[in-house]
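Keep in mind that the numbers below use all heavy atoms, side chains included, and drop hydrogens, waters and symmetry copies. Throughout, a chain's letter reflects where its sequence line sits, starting with A, and its residues are numbered from 1.
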Protein chains: 2
Amino acid sequence: MPGLPFDVLAEPQRRRILDLLREEERPVGELVALLAASQPAVSKHLRVLREAGLVEVRTDAQRRLYRLRAEPLREVGEWLEPYRRLWERRLDDLERHLGTIPG
Amino acid sequence: MPGLPFDVLAEPQRRRILDLLREEERPVGELVALLAASQPAVSKHLRVLREAGLVEVRTDAQRRLYRLRAEPLREVGEWLEPYRRLWERRLDDLERHLGTIPG
DNA sequence: CAGTCATATAACCAACAGGGCATACTGAGT
DNA sequence: ACTCAGTATGCCCTGTTGGTTATATGACTG
């Protein structure tokens with residue numbers, strides 16, 4: 001499933017979920033509260049994230065604890081890599097340019 | 001328009017366009033040929049990219065030369081940053097783990 | 001200015017995504 | 001077994017997206 005992580009990240013709410021799980025493992029209900037979203041909506045996003053391998057579930061009694069799996073994001077990072085130089089170079093240019101002003 | 005670049009990158013064809021423009025400035029027709037896509041489809045993607053600030057156009061007679069603007073990708077890179085450590089750490093763990101086997 | 005090349009836009013369409021509500025499932029406690 | 005908490009799923013509805021074909025625009029050419 002190449003490209004999948006890009007699709008998944010297109011959804012703002014899903015990025016927020018990942019951000020929350022980056023801090024720590026959380027049950028669905030907590031995500032629902034923190035995101036101020038409906039429970040089914042969150043469950044649906046979690047399903048998508050799970051199918052993309054971006055989260056793992058662990059069962060704890062009635063609750064399901066979701067944990068981040070960052071590895072699929074590597075693909076995004078690798079795609080982005082060659083661009084990084086470009087936007088950094090552009091920053092350098094700006095800095096150099098600004099440097100010429102106060103002189 | 002925060003989050004916009006994420007949406008834009010969700011489309012594989014658009015990522016390919018950016019990859020092509022990363023090499024050099026190109027007219028629409030060239031992109032059409034290289035992507036084996038229809039001209040209107042490509043123009044549409046270019047519009048989306050333009051509105052997201054990811055490309056710039058320059059007119060050269062009848063042709064429009066498109067050039068990459070990587071700067072908006074910075075937002076993606078910054079979002080991704082905290083995750084990078086995680087997937088790299090995970091790789092370290094794996095290596096360390098493998099290291100314990102042969103010993 | 002008629003014709004043509006390169007590109008953009010319009011109109012339309014099929015597919016899909018994300019939200020809501022209602023409901024099914026699962027494990028614990030009684 | 002009944003019930004409740006926590007979560008997943010099904011179904012419906014709506015907005016959006018990406019593609020297609022046909023047409024408009026704009027610039028050069030004879």
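Distance CZ (B:F6) to P (D:dT16): 21 Å, rounded to an integer number of Å. One atom, CG of B:D60, and another, C1' of D:dG26, lie 14 Å apart when rounded to the nearest Å. Remark: C1' of D:dT17 and CG of A:D7 are 12 Å apart, rounded to the nearest angstrom. A:L35 places its CG atom 11 Å from the P atom of C:dG19, with the value rounded to the nearest Å. In this structure, the CZ atom of A:R63 is 16 Å from the C1' atom of C:dG29, given to the nearest Å. Straight-line distance from the CZ atom of A:R64 to the P atom of C:dT26: 9 Å, rounded to whole Å. In this structure, B:L46 places its CG atom 15 Å from C1' of D:dG19, rounding to the nearest Å. Rounding to whole angstrom units, CG of residue A:L49 and P of D:dA8 are separated by 12 Å.
For D:dA8, the OP1/OP2 oxygens have no side-chain nitrogen or oxygen of A:R47 closer than 4.0 Å. OP1 or OP2 of C:dG20 has at least one side-chain nitrogen or oxygen of A:S38 nearer than 4.0 Å. For A:H45 and C:dA17, the shortest distance from a side-chain N or O to OP1 or OP2 is not below 4.0 Å. At D:dG6, none of the side-chain N or O atoms of A:Y66 fall inside 4.0 Å of OP1 or OP2 (strictly under the cut-off).
In this structure, CG in A:L31 is found 9.0 Å from OH in A:Y66, a value given to the nearest 0.5 Å. Rounding to the nearest 0.5 angstrom, the gap separating the CG atom in B:D60 from the CG atom in B:L65 is 5.0 Å.
Contact annotation: the side chain of B:L34 approaches that of B:R26 to within less than 4.5 Å [non-hydrogen atoms, C-beta and beyond].
Closest to the side chain of B:P40, out of D:dT21, C:dA11, D:dG6, is D:dT21. Taking only side-chain atoms of B:R50, from C-beta outward, the nucleotide of D:dT7, C:dT9, C:dG18 with the closest atom is C:dT9. In the set D:dG19, C:dT7, D:dT7, the nucleotide with an atom closest to the side chain of B:K44 is D:dG19. Distance from the side chain of B:Q62 is smallest to D:dC28 among D:dA5, D:dC28, D:dT7.
Across the interface with DNA chain C, nearest-nucleotide mapping of A:T59 and A:A10 shows A:A10 to be the residue nearer the 5′ end.
If you check every strand for non-hydrogen atoms under 4.0 Å, A:P27 touches sugar and phosphate atoms only. Counting non-hydrogen atoms under 4.0 angstrom, A:S43 reaches a base of the nucleic acid. Backbone-only engagement by A:R14 is indicated by non-hydrogen atom pairs under 4.0 Å involving sugar-phosphate atoms exclusively.
The backbone N or O of A:L9 lies less than 3.5 Å from a partner atom in the side chain of A:R15, making a donor-acceptor pair. At least one donor-acceptor pair closer than 3.5 Å links the side chain of B:Y83 to the backbone N or O of A:L18.
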Could you go step by step and tell me if B:D19 and B:R22 meet the salt bridge (Lys or Arg N to Asp or Glu O under 4.0 Å) rule?
-> CA-CA 5 Å; B:D19 286 338; B:R22 189 156 47 79; 3.7 Å; yes

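Residue side chain A:E11 does not reach the base of C:dA17 through any donor-acceptor N/O pair under 3.5 Å, judged by distance alone. Between the side chain of B:Q39 and the base of C:dA6, no donor-acceptor pair under 3.5 Å is found.
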